[in-house]
Amino acid sequence: KVYKLLSNGEFELYAGNGNSGYEDGSRLEAEFYRPRSILFDKDNNLIVGDLYNTALRKIGSDGIVSTLVGGDRVLSSFNFTGRNGYKDEAKPFWIGRLAKDDIGNIYTSEYFSVGKFDLSGYYKTIAGKPGYNYDGYVDGSALDARFLYSTAIVPLQEDSLLIWDDSAGKLRRLSNGYVETISGADGFGYHDGNIKNARYGGFSASILLKSGEILVMDVMNYTLRVLD
């Protein structure tokens, strides 16, 4: 289900009939399978990352739920390869977090990879490898890089992102087609200071502030931290 927080502090059901499934249609009759992240697109439609349906869904201003890409449920990450393309061709992996750049492109964190849904409706993997990661933690050219568990994404500009790699305890940067680690010492923990030597516990959400600082929720340390 998707809920709406009202101005009086109460929650109102906004979409979903309560069943775990996959069904487009009117928002209160539609079915989702663990909706994990939401954001508004440039036209103020509500976009939903539907995790186990491996789908990007749209709740339009007309109250209709439709699928933008995906929808073929993936039960196992092993031997999954993903597929680029438009609505009927594209096959993303489990969509965890969403982010939007200033142009309106939508980025998806998918555990071991990062995808992009552009303004033309085309979806593609832009970093990492969809499906299970057998290769560990690797920096390098975008599609050769490997993530242990990509979570929160912070767009800096088109195709330039900060990517929090939860299971590595590190902050990665995608820029000019290359992924590099910019923050996080080896191992988990809690340590402030120089970004290279900082230690983290795990990441839930992150945003770019108007000041240029990066705010991140370090969930395992129960802290809200800032990178300047």
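- Glu29 contributes no side-chain N or O that, together with a main-chain N or O of Ser26, makes up a donor-acceptor pair within less than 3.5 Å.
- Between Gly121 and Val69, the closest heavy-atom pair is O-CG1, 4.4 Å.
- A donor-acceptor pair under 3.5 Å links the side-chain atoms of Asp118 to the main chain of Ser120, judged by distance alone.
- Not a single donor-acceptor pair under 3.5 Å links the side chain of Ser37 to the backbone N or O of Gly49.
- Going from atom CG of Asn8 over to atom CD of Glu10 covers 4.0 Å, rounded to the nearest 0.5 Å.
- A donor-acceptor pair under 3.5 Å links the side-chain atoms of Lys100 to the main chain of Phe40, judged by distance alone.
- Ring geometry for Phe93 versus Tyr111: interplanar angle over 60°, hence perpendicular rather than tilted (30 to 60°).
- No side-chain heavy atom of Asp166 sits less than 4.5 Å from a side-chain heavy atom of Leu148.
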**Message:** Quick one, Lys116 with Asp159, criterion salt bridge (charged side-chain N to carboxylate O under 4.0 Å, His left out). Give me CA distance, side-chain angles, the key distance, then yes/no.
**Reply:** CA-CA 8 Å; Lys116 176 185 178 183; Asp159 296 340; 3.0 Å; yes

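- Minimum interatomic distance between Ile126 and Leu174 (heavy atoms only, all atoms of both residues): CD1-CD2, 3.9 Å.
- Defined by atom type and a distance below 3.5 Å, a donor-acceptor pair is present between the side-chain atoms of Tyr200 and Ser183.
- Across Arg146, Arg172, Arg173, a single residue satisfies salt bridge (Lys or Arg N to Asp or Glu O under 4.0 Å) together with Asp165, and that is Arg172.
- Within the 3.5 Å criterion, the main-chain N or O of Gly82 finds no donor-acceptor partner in the side chain of Lys91.
- For the residue pair Asp24 / Ser66, no side-chain donor-acceptor distance below 3.5 Å is found, with atom types taken as modelled.
- Salt-bridge check for Asp192 with Arg199: failed, with every basic side-chain N at 4.0 Å or more from each acidic carboxylate O.
- The side-chain heavy atoms of Asn105 and Glu158, taken from C-beta on, include a pair separated by under 4.5 Å.
- Interatomic distance, OG1 of Thr67 versus CG of Asn53, reported as 8.0 Å (0.5 Å rounding).
- Taking the charged nitrogens against the carboxylate oxygens, Arg36 and Asp50 have no contact shorter than 4.0 Å, which rules out a salt bridge.
- Between the side chains of Asn84 and Glu89, no donor-acceptor pair is found at a separation under 3.5 Å.
- Counting only distance, with no hydrogens or angles, the side chain of Asn197 and the backbone of Ala185 share no donor-acceptor pair below 3.5 Å.
- Of the charged side-chain nitrogens involved, none lies within less than 4.0 Å of a carboxylate oxygen, so that Asp144 and Lys129 do not count as a salt-bridged pair.
- Side-chain contact, Tyr149 with Ser109: no donor N or O sits under 3.5 Å from an acceptor N or O.
- One distance of note links CG of Leu156 with CG of Leu161; it measures 7.0 Å at 0.5 Å rounding.
- Shown here is Asn176, whose CG atom has no more than 12 heavy atoms of other residues, nucleotides or ligands within 6.0 Å.
- In this structure, Asp218 contributes its side chain and Leu224 its backbone to no donor-acceptor pair below 3.5 Å.
- Looking at Ser206 and Trp164, their side chains do bring a donor and an acceptor atom within 3.5 Å of each other.
- Residues Ser204 and Ala152 approach most closely at O-CB, 4.1 Å, considering heavy atoms.
- For the side chain to side chain contact (heavy atoms under 4.5 Å, CB included) test with Ile163, the passing option among Thr151, Val114, Leu171 is Val114; the others fail.
- Asn221 and Thr223 are not linked by any side-chain donor-acceptor pair at a separation below 3.5 angstrom, with hydrogens and angles left out of the test.
- Between Phe112 and Phe147, the distance separating the two ring centers is not shorter than 6.0 angstrom.
- With rounding to the nearest 0.5 Å, the separation of NZ in Lys170 from CZ in Phe203 is 9.0 Å.
- Using modelled atom types and a 3.5 Å distance limit, the side chains of Glu31 and Asn17 yield a donor-acceptor pair.
- Counted within 6.0 Å of CG on Asp43, heavy atoms from surrounding residues, nucleotides or ligands total more than 12; the atom is thus considered enclosed.
- Annotation for Asp102: atom CG does not count as buried by contact number, only 12 or fewer foreign heavy atoms lying within 6.0 Å.
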